[in-house]
Undergrad: 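Following this message is one structure expressed as C-alpha coordinates.
So that the names make sense, note that chain A is the first sequence line, chain B the second, and so on, each numbered from 1.
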2 protein chains.
Amino acid sequence: MNAAPAPARNDKSAVVDAAMRVLSENGLPGLSMRRIADELDVQVSALYWHFPNKQALLAAVSDRIVGDADATSGSEGIAAADAEVVAARLRDRLLAHRDGAEIVSSSLALGLLSLPAHVDLARAGRELGLDDAAAETAADTVVHYVIGYTFHEQQRLYAAVVGAADASVDLAPGQVDERGGSFDAGLRMIVAGIRATAGVS
Amino acid sequence: MNAAPAPARNDKSAVVDAAMRVLSENGLPGLSMRRIADELDVQVSALYWHFPNKQALLAAVSDRIVGDADATSGSEGIAAADAEVVAARLRDRLLAHRDGAEIVSSSLALGLLSLPAHVDLARAGRELGLDDAAAETAADTVVHYVIGYTFHEQQRLYAAVVGAADASVDLAPGQVDERGGSFDAGLRMIVAGIRATAGVS
DNA sequence: ACCTGAACACCGTTCAAGT
DNA sequence: ACCTGAACACCGTTCAAGT
(Lines give C-alpha, C1' and ligand atoms only; values in the text may rest on other atoms or scores of the structure.)
Protein backbone atom coordinates (compact mmCIF):
# COMPACT_ATOMS: atom_id res chain seq x y z
CA MET A 1 0.00 0.00 0.00
CA ASN A 2 2.96 2.36 0.19
CA ALA A 3 1.97 4.46 -2.79
CA ALA A 4 4.09 7.66 -2.80
CA PRO A 5 6.70 7.48 -5.63
CA ALA A 6 9.62 7.43 -3.16
CA PRO A 7 11.47 10.35 -4.75
CA ALA A 8 14.44 8.49 -6.22
CA ARG A 9 16.95 8.30 -3.41
CA ASN A 10 20.56 7.52 -4.21
CA ASP A 11 23.11 4.97 -3.08
CA LYS A 12 26.90 4.95 -3.15
CA SER A 13 27.15 3.70 -6.70
CA ALA A 14 24.69 6.30 -8.00
CA VAL A 15 26.92 8.96 -6.48
CA VAL A 16 29.96 7.50 -8.21
CA ASP A 17 28.00 7.34 -11.48
CA ALA A 18 27.27 11.03 -11.18
CA ALA A 19 30.90 11.75 -10.36
CA MET A 20 32.03 9.89 -13.49
CA ARG A 21 29.69 12.01 -15.59
CA VAL A 22 30.93 15.26 -14.03
CA LEU A 23 34.51 14.11 -14.51
CA SER A 24 34.11 13.39 -18.19
CA GLU A 25 32.44 16.74 -18.80
CA ASN A 26 34.53 18.99 -16.57
CA GLY A 27 37.76 17.18 -15.78
CA LEU A 28 39.33 16.87 -12.34
CA PRO A 29 39.47 20.64 -11.70
CA GLY A 30 35.70 20.76 -12.25
CA LEU A 31 34.94 17.69 -10.18
CA SER A 32 33.57 19.47 -7.11
CA MET A 33 31.19 18.12 -4.50
CA ARG A 34 28.74 20.82 -5.52
CA ARG A 35 28.76 19.81 -9.18
CA ILE A 36 28.25 16.17 -8.27
CA ALA A 37 25.36 17.13 -6.02
CA ASP A 38 23.84 19.22 -8.82
CA GLU A 39 24.11 16.26 -11.18
CA LEU A 40 22.01 14.27 -8.70
CA ASP A 41 19.58 17.13 -7.94
CA VAL A 42 20.57 16.97 -4.33
CA GLN A 43 22.17 19.22 -1.72
CA VAL A 44 25.96 18.99 -1.28
CA SER A 45 25.58 17.81 2.27
CA ALA A 46 23.71 14.73 1.05
CA LEU A 47 26.95 13.40 -0.41
CA TYR A 48 28.44 13.21 3.06
CA TRP A 49 25.93 10.58 4.03
CA HIS A 50 27.48 8.31 1.37
CA PHE A 51 31.16 9.23 1.69
CA PRO A 52 33.06 10.66 4.66
CA ASN A 53 34.95 13.13 2.46
CA LYS A 54 35.94 13.96 -1.08
CA GLN A 55 39.07 11.82 -1.11
CA ALA A 56 37.00 8.74 -0.29
CA LEU A 57 34.68 9.53 -3.16
CA LEU A 58 37.70 10.00 -5.42
CA ALA A 59 38.99 6.61 -4.32
CA ALA A 60 35.70 5.06 -5.44
CA VAL A 61 36.08 6.87 -8.76
CA SER A 62 39.62 5.48 -8.99
CA ASP A 63 38.35 1.96 -8.38
CA ARG A 64 35.98 2.43 -11.26
CA ILE A 65 38.76 3.69 -13.53
CA VAL A 66 41.14 0.82 -12.89
CA GLY A 67 38.35 -1.76 -12.85
CA ASP A 68 37.12 -2.70 -9.41
CA ALA A 69 35.30 -5.97 -9.89
CA ASP A 70 35.02 -6.95 -13.53
CA ALA A 71 37.03 -9.20 -15.77
CA THR A 72 40.24 -7.23 -16.23
CA SER A 73 42.32 -9.24 -13.81
CA GLY A 74 42.43 -12.80 -15.03
CA SER A 75 42.84 -14.15 -11.47
CA GLU A 76 44.81 -17.40 -11.41
CA GLY A 77 43.03 -19.74 -13.78
CA ILE A 78 43.78 -17.78 -16.91
CA ALA A 79 47.13 -17.94 -18.66
CA ALA A 80 49.40 -15.34 -17.17
CA ALA A 81 49.45 -12.18 -19.21
CA ASP A 82 52.97 -10.85 -19.36
CA ALA A 83 54.04 -7.61 -17.78
CA GLU A 84 53.95 -5.60 -20.97
CA VAL A 85 50.35 -6.52 -21.71
CA VAL A 86 49.20 -5.78 -18.16
CA ALA A 87 50.96 -2.42 -18.20
CA ALA A 88 49.49 -1.47 -21.57
CA ARG A 89 46.02 -2.41 -20.33
CA LEU A 90 46.43 -0.24 -17.24
CA ARG A 91 47.51 2.64 -19.40
CA ASP A 92 44.49 2.22 -21.67
CA ARG A 93 42.17 2.37 -18.67
CA LEU A 94 43.80 5.53 -17.39
CA LEU A 95 43.62 7.15 -20.80
CA ALA A 96 39.96 6.20 -21.15
CA HIS A 97 38.95 8.67 -18.42
CA ARG A 98 39.72 12.35 -18.31
CA ASP A 99 42.56 13.01 -15.82
CA GLY A 100 42.46 9.30 -15.00
CA ALA A 101 46.17 9.05 -14.19
CA GLU A 102 46.15 12.00 -11.79
CA ILE A 103 43.11 10.74 -9.89
CA VAL A 104 44.49 7.22 -9.58
CA SER A 105 47.92 8.54 -8.66
CA SER A 106 46.63 10.42 -5.65
CA SER A 107 44.30 7.68 -4.44
CA LEU A 108 47.19 5.27 -4.69
CA ALA A 109 49.58 7.56 -2.86
CA LEU A 110 47.04 8.00 -0.07
CA GLY A 111 46.74 4.23 0.26
CA LEU A 112 43.04 4.32 -0.62
CA LEU A 113 43.30 2.17 -3.71
CA SER A 114 44.62 -1.26 -4.52
CA LEU A 115 45.44 -1.99 -8.12
CA PRO A 116 44.36 -5.27 -9.73
CA ALA A 117 47.19 -4.69 -12.21
CA HIS A 118 49.72 -4.68 -9.38
CA VAL A 119 48.80 -8.21 -8.42
CA ASP A 120 49.13 -9.36 -12.01
CA LEU A 121 52.48 -7.65 -12.40
CA ALA A 122 53.88 -9.23 -9.25
CA ARG A 123 52.75 -12.64 -10.49
CA ALA A 124 54.40 -12.02 -13.85
CA GLY A 125 57.60 -11.14 -12.01
CA ARG A 126 57.54 -14.34 -10.00
CA GLU A 127 56.98 -16.35 -13.15
CA LEU A 128 60.11 -14.80 -14.57
CA GLY A 129 62.01 -16.11 -11.58
CA LEU A 130 62.03 -13.18 -9.15
CA ASP A 131 61.56 -13.84 -5.46
CA ASP A 132 58.54 -12.29 -3.73
CA ALA A 133 60.26 -9.09 -2.61
CA ALA A 134 61.83 -8.50 -6.00
CA ALA A 135 58.51 -9.24 -7.72
CA GLU A 136 56.79 -6.60 -5.55
CA THR A 137 59.53 -4.13 -6.39
CA ALA A 138 59.18 -4.91 -10.07
CA ALA A 139 55.42 -4.39 -9.91
CA ASP A 140 55.84 -1.06 -8.09
CA THR A 141 58.38 0.04 -10.65
CA VAL A 142 56.13 -0.70 -13.60
CA VAL A 143 53.12 0.92 -11.91
CA HIS A 144 55.07 4.08 -11.13
CA TYR A 145 56.25 4.24 -14.70
CA VAL A 146 52.80 3.72 -16.24
CA ILE A 147 51.09 6.23 -13.99
CA GLY A 148 53.84 8.81 -14.22
CA TYR A 149 54.05 8.56 -17.97
CA THR A 150 50.30 8.66 -18.49
CA PHE A 151 49.80 11.52 -16.03
CA HIS A 152 52.35 13.55 -17.95
CA GLU A 153 50.75 12.58 -21.25
CA GLN A 154 47.21 13.47 -20.20
CA GLN A 155 48.30 16.88 -18.94
CA ARG A 156 49.95 17.54 -22.27
CA LEU A 157 46.83 16.47 -24.14
CA TYR A 158 44.74 18.84 -22.07
CA ALA A 159 47.24 21.67 -22.47
CA ALA A 160 47.18 21.11 -26.22
CA VAL A 161 43.39 21.30 -26.31
CA VAL A 162 43.35 24.47 -24.23
CA GLY A 163 46.20 25.86 -26.28
CA ALA A 164 44.40 25.23 -29.53
CA ALA A 165 41.29 27.02 -28.35
CA ASP A 166 43.20 29.57 -26.37
CA ALA A 167 46.51 30.21 -28.16
CA SER A 168 48.21 31.17 -24.91
CA VAL A 169 50.50 28.23 -24.14
CA ASP A 170 53.57 30.39 -24.41
CA LEU A 171 54.48 29.30 -20.87
CA ALA A 172 55.28 25.73 -21.85
CA PRO A 173 58.70 25.29 -23.44
CA GLY A 174 57.36 23.27 -26.31
CA GLN A 175 57.37 19.66 -27.46
CA VAL A 176 53.70 18.78 -27.29
CA ASP A 177 54.60 16.12 -29.82
CA GLU A 178 56.49 13.14 -28.33
CA ARG A 179 55.95 9.76 -29.95
CA GLY A 180 53.23 7.54 -28.49
CA GLY A 181 55.69 4.72 -29.13
CA SER A 182 57.90 6.24 -26.46
CA PHE A 183 55.72 4.66 -23.79
CA ASP A 184 56.37 1.21 -25.20
CA ALA A 185 60.08 1.86 -25.55
CA GLY A 186 60.39 2.82 -21.88
CA LEU A 187 58.25 -0.09 -20.82
CA ARG A 188 60.44 -2.50 -22.78
CA MET A 189 63.50 -1.09 -21.03
CA ILE A 190 61.99 -1.76 -17.64
CA VAL A 191 60.92 -5.25 -18.57
CA ALA A 192 64.40 -5.92 -19.92
CA GLY A 193 65.69 -4.87 -16.52
CA ILE A 194 63.31 -7.21 -14.77
CA ARG A 195 64.43 -10.07 -16.97
CA ALA A 196 68.08 -9.22 -16.38
CA THR A 197 67.51 -9.10 -12.63
CA ALA A 198 65.73 -12.44 -12.74
CA GLY A 199 68.66 -13.88 -14.65
CA VAL A 200 66.62 -15.13 -17.58
CA SER A 201 68.66 -16.27 -20.55
CA MET B 1 68.07 62.85 -0.77
CA ASN B 2 65.34 60.22 -1.08
CA ALA B 3 64.96 59.66 2.65
CA ALA B 4 61.71 57.72 3.26
CA PRO B 5 62.53 54.11 4.30
CA ALA B 6 60.94 52.67 1.13
CA PRO B 7 58.70 50.18 2.96
CA ALA B 8 60.40 46.94 1.93
CA ARG B 9 58.88 46.04 -1.40
CA ASN B 10 59.26 42.52 -2.70
CA ASP B 11 60.57 40.90 -5.85
CA LYS B 12 59.93 37.52 -7.45
CA SER B 13 62.51 35.69 -5.37
CA ALA B 14 61.21 37.14 -2.11
CA VAL B 15 57.79 35.77 -3.01
CA VAL B 16 59.28 32.34 -3.66
CA ASP B 17 61.18 32.54 -0.36
CA ALA B 18 57.91 33.18 1.44
CA ALA B 19 56.25 30.32 -0.43
CA MET B 20 59.04 27.95 0.64
CA ARG B 21 58.48 28.94 4.26
CA VAL B 22 54.73 28.45 4.04
CA LEU B 23 55.29 25.10 2.33
CA SER B 24 57.58 23.76 5.01
CA GLU B 25 55.19 24.81 7.76
CA ASN B 26 51.86 23.92 6.17
CA GLY B 27 52.54 21.52 3.33
CA LEU B 28 51.03 21.74 -0.13
CA PRO B 29 47.40 21.77 1.06
CA GLY B 30 48.23 24.83 3.17
CA LEU B 31 50.18 26.60 0.45
CA SER B 32 47.55 29.16 -0.51
CA MET B 33 48.06 32.53 -2.12
CA ARG B 34 46.55 34.11 0.97
CA ARG B 35 49.01 32.44 3.33
CA ILE B 36 51.94 33.46 1.15
CA ALA B 37 50.65 37.02 1.10
CA ASP B 38 50.28 36.98 4.90
CA GLU B 39 53.87 35.75 5.21
CA LEU B 40 54.94 38.86 3.29
CA ASP B 41 52.53 41.22 5.07
CA VAL B 42 50.96 42.05 1.78
CA GLN B 43 47.54 41.74 0.11
CA VAL B 44 46.86 38.62 -1.98
CA SER B 45 46.44 40.66 -5.10
CA ALA B 46 50.03 41.88 -4.77
CA LEU B 47 51.25 38.37 -5.66
CA TYR B 48 49.66 38.71 -9.07
CA TRP B 49 52.02 41.46 -9.95
CA HIS B 50 54.91 38.97 -9.63
CA PHE B 51 53.27 35.83 -11.04
CA PRO B 52 50.35 35.49 -13.48
CA ASN B 53 48.79 32.67 -11.46
CA LYS B 54 49.38 30.12 -8.73
CA GLN B 55 50.73 27.42 -11.06
CA ALA B 56 53.48 29.77 -12.25
CA LEU B 57 54.43 30.45 -8.64
CA LEU B 58 54.44 26.70 -7.98
CA ALA B 59 56.72 26.23 -10.96
CA ALA B 60 59.18 28.67 -9.41
CA VAL B 61 58.95 26.72 -6.16
CA SER B 62 59.63 23.54 -8.16
CA ASP B 63 62.70 25.10 -9.71
CA ARG B 64 63.96 25.82 -6.25
CA ILE B 65 63.31 22.26 -5.11
CA VAL B 66 65.13 20.58 -7.98
CA GLY B 67 67.92 23.16 -7.98
CA ASP B 68 67.51 25.88 -10.56
CA ALA B 69 70.95 27.41 -10.89
CA ASP B 70 73.44 25.99 -8.42
CA ALA B 71 76.02 23.25 -8.61
CA THR B 72 73.87 20.15 -8.72
CA SER B 73 74.20 19.53 -12.41
CA GLY B 74 77.86 19.01 -13.18
CA SER B 75 77.45 20.40 -16.71
CA GLU B 76 79.92 18.89 -19.16
CA GLY B 77 83.32 19.47 -17.66
CA ILE B 78 82.83 17.27 -14.66
CA ALA B 79 83.10 13.49 -14.78
CA ALA B 80 79.74 12.06 -15.74
CA ALA B 81 77.83 10.87 -12.72
CA ASP B 82 76.08 7.64 -13.49
CA ALA B 83 72.33 7.29 -13.68
CA GLU B 84 71.93 5.79 -10.24
CA VAL B 85 73.72 8.66 -8.56
CA VAL B 86 71.76 11.29 -10.48
CA ALA B 87 68.49 9.58 -9.61
CA ALA B 88 69.36 9.27 -5.94
CA ARG B 89 70.30 12.94 -5.85
CA LEU B 90 66.99 13.93 -7.41
CA ARG B 91 65.16 11.84 -4.85
CA ASP B 92 67.06 13.47 -1.99
CA ARG B 93 66.06 16.90 -3.23
CA LEU B 94 62.42 15.93 -3.46
CA LEU B 95 62.47 14.42 0.01
CA ALA B 96 64.15 17.51 1.42
CA HIS B 97 60.98 19.57 0.89
CA ARG B 98 57.54 18.81 2.18
CA ASP B 99 55.36 17.42 -0.64
CA GLY B 100 58.31 18.05 -2.96
CA ALA B 101 57.50 15.17 -5.31
CA GLU B 102 53.86 16.18 -5.77
CA ILE B 103 54.72 19.80 -6.52
CA VAL B 104 57.43 18.89 -8.99
CA SER B 105 55.25 16.22 -10.57
CA SER B 106 52.52 18.68 -11.45
CA SER B 107 54.85 21.43 -12.65
CA LEU B 108 56.55 18.87 -14.83
CA ALA B 109 53.29 17.52 -16.20
CA LEU B 110 52.17 21.03 -17.06
CA GLY B 111 55.41 21.61 -18.94
CA LEU B 112 56.41 24.46 -16.65
CA LEU B 113 59.61 22.89 -15.37
CA SER B 114 62.75 21.50 -16.92
CA LEU B 115 64.79 19.13 -14.82
CA PRO B 116 68.56 19.46 -14.65
CA ALA B 117 68.61 15.79 -13.68
CA HIS B 118 66.91 14.89 -16.95
CA VAL B 119 69.79 16.30 -18.94
CA ASP B 120 72.30 14.38 -16.84
CA LEU B 121 70.33 11.16 -17.21
CA ALA B 122 70.13 11.47 -20.97
CA ARG B 123 73.87 12.04 -21.11
CA ALA B 124 74.47 8.98 -18.95
CA GLY B 125 72.31 6.96 -21.33
CA ARG B 126 74.29 8.12 -24.36
CA GLU B 127 77.52 7.23 -22.60
CA LEU B 128 76.17 3.73 -22.15
CA GLY B 129 75.71 3.51 -25.89
CA LEU B 130 72.08 4.50 -26.40
CA ASP B 131 71.16 6.64 -29.37
CA ASP B 132 69.59 10.06 -28.71
CA ALA B 133 65.97 8.95 -28.80
CA ALA B 134 66.60 5.96 -26.57
CA ALA B 135 68.61 8.10 -24.17
CA GLU B 136 65.66 10.51 -23.87
CA THR B 137 63.33 7.61 -23.24
CA ALA B 138 65.67 6.22 -20.61
CA ALA B 139 65.85 9.59 -18.87
CA ASP B 140 62.05 9.93 -18.91
CA THR B 141 61.69 6.44 -17.51
CA VAL B 142 64.04 7.08 -14.61
CA VAL B 143 62.45 10.46 -13.86
CA HIS B 144 58.95 8.97 -13.82
CA TYR B 145 60.13 6.25 -11.50
CA VAL B 146 61.88 8.58 -9.07
CA ILE B 147 59.00 11.05 -8.90
CA GLY B 148 56.30 8.39 -8.71
CA TYR B 149 58.10 6.48 -6.01
CA THR B 150 58.93 9.54 -3.96
CA PHE B 151 55.43 11.00 -4.29
CA HIS B 152 53.99 7.76 -2.96
CA GLU B 153 56.54 7.67 -0.17
CA GLN B 154 55.97 11.26 0.94
CA GLN B 155 52.22 10.74 1.09
CA ARG B 156 52.75 7.69 3.27
CA LEU B 157 55.08 9.63 5.54
CA TYR B 158 52.47 12.33 5.96
CA ALA B 159 49.67 9.83 6.53
CA ALA B 160 51.80 8.14 9.17
CA VAL B 161 52.40 11.43 10.97
CA VAL B 162 48.73 12.32 10.87
CA GLY B 163 47.80 8.79 11.90
CA ALA B 164 50.11 8.86 14.88
CA ALA B 165 48.65 12.11 16.18
CA ASP B 166 45.15 11.29 15.05
CA ALA B 167 44.66 7.50 15.30
CA SER B 168 42.09 7.54 12.50
CA VAL B 169 43.93 6.00 9.54
CA ASP B 170 41.45 3.14 9.36
CA LEU B 171 40.84 4.10 5.72
CA ALA B 172 44.28 3.03 4.54
CA PRO B 173 44.65 -0.73 4.12
CA GLY B 174 47.96 -0.79 5.92
CA GLN B 175 51.63 -1.26 5.07
CA VAL B 176 53.14 2.06 6.12
CA ASP B 177 56.39 0.11 6.44
CA GLU B 178 58.03 -0.73 3.09
CA ARG B 179 61.80 -0.89 2.98
CA GLY B 180 63.67 2.28 2.05
CA GLY B 181 65.99 -0.01 0.12
CA SER B 182 63.12 -0.79 -2.19
CA PHE B 183 63.77 2.44 -4.05
CA ASP B 184 67.29 1.36 -4.85
CA ALA B 185 66.19 -2.10 -5.89
CA GLY B 186 63.70 -0.69 -8.39
CA LEU B 187 66.21 1.81 -9.65
CA ARG B 188 68.80 -0.92 -10.21
CA MET B 189 66.23 -2.88 -12.21
CA ILE B 190 65.63 0.08 -14.50
CA VAL B 191 69.32 0.74 -14.95
CA ALA B 192 69.86 -2.94 -15.72
CA GLY B 193 67.20 -2.54 -18.39
CA ILE B 194 68.96 0.49 -19.82
CA ARG B 195 72.24 -1.42 -19.95
CA ALA B 196 70.56 -4.40 -21.58
CA THR B 197 68.93 -2.14 -24.16
CA ALA B 198 72.26 -0.50 -24.89
CA GLY B 199 73.81 -3.90 -25.37
CA VAL B 200 76.59 -3.41 -22.83
CA SER B 201 78.49 -6.54 -21.90
C1' DA C 1 18.13 5.33 5.41
C1' DC C 2 18.66 9.41 3.03
C1' DC C 3 18.12 14.26 2.50
C1' DT C 4 17.46 19.72 3.37
C1' DG C 5 18.99 24.37 4.68
C1' DA C 6 22.04 27.14 6.42
C1' DA C 7 26.20 28.25 7.98
C1' DC C 8 31.64 28.35 8.66
C1' DA C 9 35.96 29.09 7.12
C1' DC C 10 38.11 29.16 3.46
C1' DC C 11 39.77 29.40 -1.89
C1' DG C 12 42.02 31.73 -6.82
C1' DT C 13 41.54 35.66 -9.63
C1' DT C 14 40.37 40.45 -11.28
C1' DC C 15 40.49 45.32 -11.29
C1' DA C 16 40.34 50.08 -10.37
C1' DA C 17 43.02 52.88 -7.75
C1' DG C 18 46.92 54.47 -5.12
C1' DT C 19 52.29 55.82 -4.43
C1' DA D 1 57.54 49.27 -10.04
C1' DC D 2 54.83 47.50 -6.57
C1' DC D 3 50.87 47.49 -3.68
C1' DT D 4 45.80 48.29 -1.53
C1' DG D 5 40.84 47.35 -1.04
C1' DA D 6 37.09 45.35 -2.42
C1' DA D 7 34.65 42.35 -4.88
C1' DC D 8 33.26 37.85 -7.71
C1' DA D 9 32.49 33.26 -8.04
C1' DC D 10 33.61 29.64 -6.09
C1' DC D 11 35.40 25.69 -2.57
C1' DG D 12 35.04 21.29 1.34
C1' DT D 13 32.86 20.24 5.58
C1' DT D 14 29.57 20.31 9.59
C1' DC D 15 25.25 19.99 11.79
C1' DA D 16 20.67 20.35 13.39
C1' DA D 17 16.55 19.08 11.54
C1' DG D 18 13.33 16.79 8.55
C1' DT D 19 10.88 12.31 6.37
Undergrad: Which part of the nucleic acid, if any, lies within contact of A:Asp11, taking any heavy atom under 4.0 Å across all strands shown: a base, the sugar-phosphate backbone alone, or nothing?
TA: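 Nothing, no heavy atom under 4.0 Å.
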Undergrad: Could you check how far NZ of A:Lys12 sits from P of C:dC2, rounded to whole Å?
TA: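 Answer to the nearest Å: 11 Å.
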Undergrad: By nearest heavy atom, map A:Arg35 and A:Ala46 onto DNA chain D; which one lands nearer the 5' end?
TA: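 Between the two, 5'-proximity favours A:Arg35.
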Undergrad: Show your reasoning for whether ring pair (Phe, Tyr, Trp, His ring centres under 6.0 Å) applies to A:His144 and B:His144.
TA: CA-CA 7 Å; A:His144 283 137; B:His144 283 137; over 10 Å; no
Undergrad: I need the CG-P distance between B:Asn26 and C:dC10, as an integer number of Å.
TA: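 Between P of C:dC10 and CG of B:Asn26: 12 Å.
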Undergrad: What integer distance in Å separates B:Tyr48:OH from D:dT4:P?
TA: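 Going from B:Tyr48 (OH) to D:dT4 (P), I get 15 Å.
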Undergrad: Taking only the side-chain heavy atoms of B:Val42 (C-beta and beyond), determine which of C:dT13, D:dG18, D:dC3 contains the nearest atom.
TA: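 Minimum distance to the B:Val42 side chain belongs to D:dC3.
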Undergrad: Tell me which of A:Met33 and A:Ser45 sits closer to the 5' end of DNA chain D, going by the nucleotide each one is nearest to.
TA: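 Closer to the 5' end of DNA chain D: A:Met33.
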Undergrad: A:Asp38 has an atom CG; how far is it from atom P of D:dC10, in whole Å?
TA: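 Distance, rounded to whole Å: 11 Å.
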Undergrad: Taking atom P in both D:dA9 and C:dC10, what distance in whole Å separates the two?
TA: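 Between the two P atoms, the distance is 22 Å.
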Undergrad: Taking 4.0 Å as the cut-off, does a side-chain nitrogen or oxygen of B:Asn10 come that near to OP1 or OP2 on D:dC3?
TA: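 Indeed, a polar side-chain atom of B:Asn10 lies that close.
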Undergrad: Indicate the ring-plane relationship of A:Phe183 and A:Tyr145, choosing parallel, tilted or perpendicular according to the 30° and 60° boundaries.
TA: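 Correct class here is parallel.
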Undergrad: Which listed nucleotide (C:dC3, D:dC3, C:dC15) is nearest to the side chain of A:Trp49?
TA: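 From the listed options, C:dC3 comes nearest.
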Undergrad: For A:Ile194, which of A:Leu130, A:Leu121, A:Thr141 qualifies under side-chain contact (heavy atoms from CB on, under 4.5 Å)?
TA: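 The passing option is A:Leu130.
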Undergrad: Partner of C:dT14 by Watson-Crick or G-U wobble geometry, both contacts under 3.5 Å, or none?
TA: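 Paired with D:dA6.
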Undergrad: Let me know the distance between CD of B:Gln43 and C1' of D:dT4, rounded to the nearest Å.
TA: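 Nearest whole value for this atom pair: 5 Å.
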Undergrad: Can you tell whether the side chains of B:Glu153 and B:Arg91 come within less than 4.0 Å, N to carboxylate O?
TA: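 Looking at B:Arg91 together with B:Glu153, the answer is yes, because their closest N to O distance falls below 4.0 Å.
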Undergrad: If I take atom CG in residue A:Leu47 and atom C1' in nucleotide D:dC11, what distance separates them, rounded to the nearest angstrom?
TA: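 So the two atoms are 14 Å apart, to the nearest Å.
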Undergrad: Closest to the B:Arg34 side chain: C:dC15, C:dG5, C:dG12?
TA: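 Closest of the options to the side chain of B:Arg34: C:dG12.
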Undergrad: Where the side chain of A:Ser32 is concerned, which of C:dT13, C:dC3, D:dC11 is the nearest nucleotide?
TA: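 My answer, after comparing the listed nucleotides, is D:dC11.
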Undergrad: Roughly, in whole Å, what's the span from CD in B:Gln55 to P in C:dT13?
TA: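 Distance, rounded to whole Å: 9 Å.
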Undergrad: When the distance from NE2 of B:His50 to P of C:dT13 is rounded to whole Å, what number comes out?
TA: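 My rounded result for the distance is 16 Å.
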Undergrad: Any side-chain donor-acceptor pair under 3.5 Å between A:Asp140 and A:His118?
TA: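 Yes.
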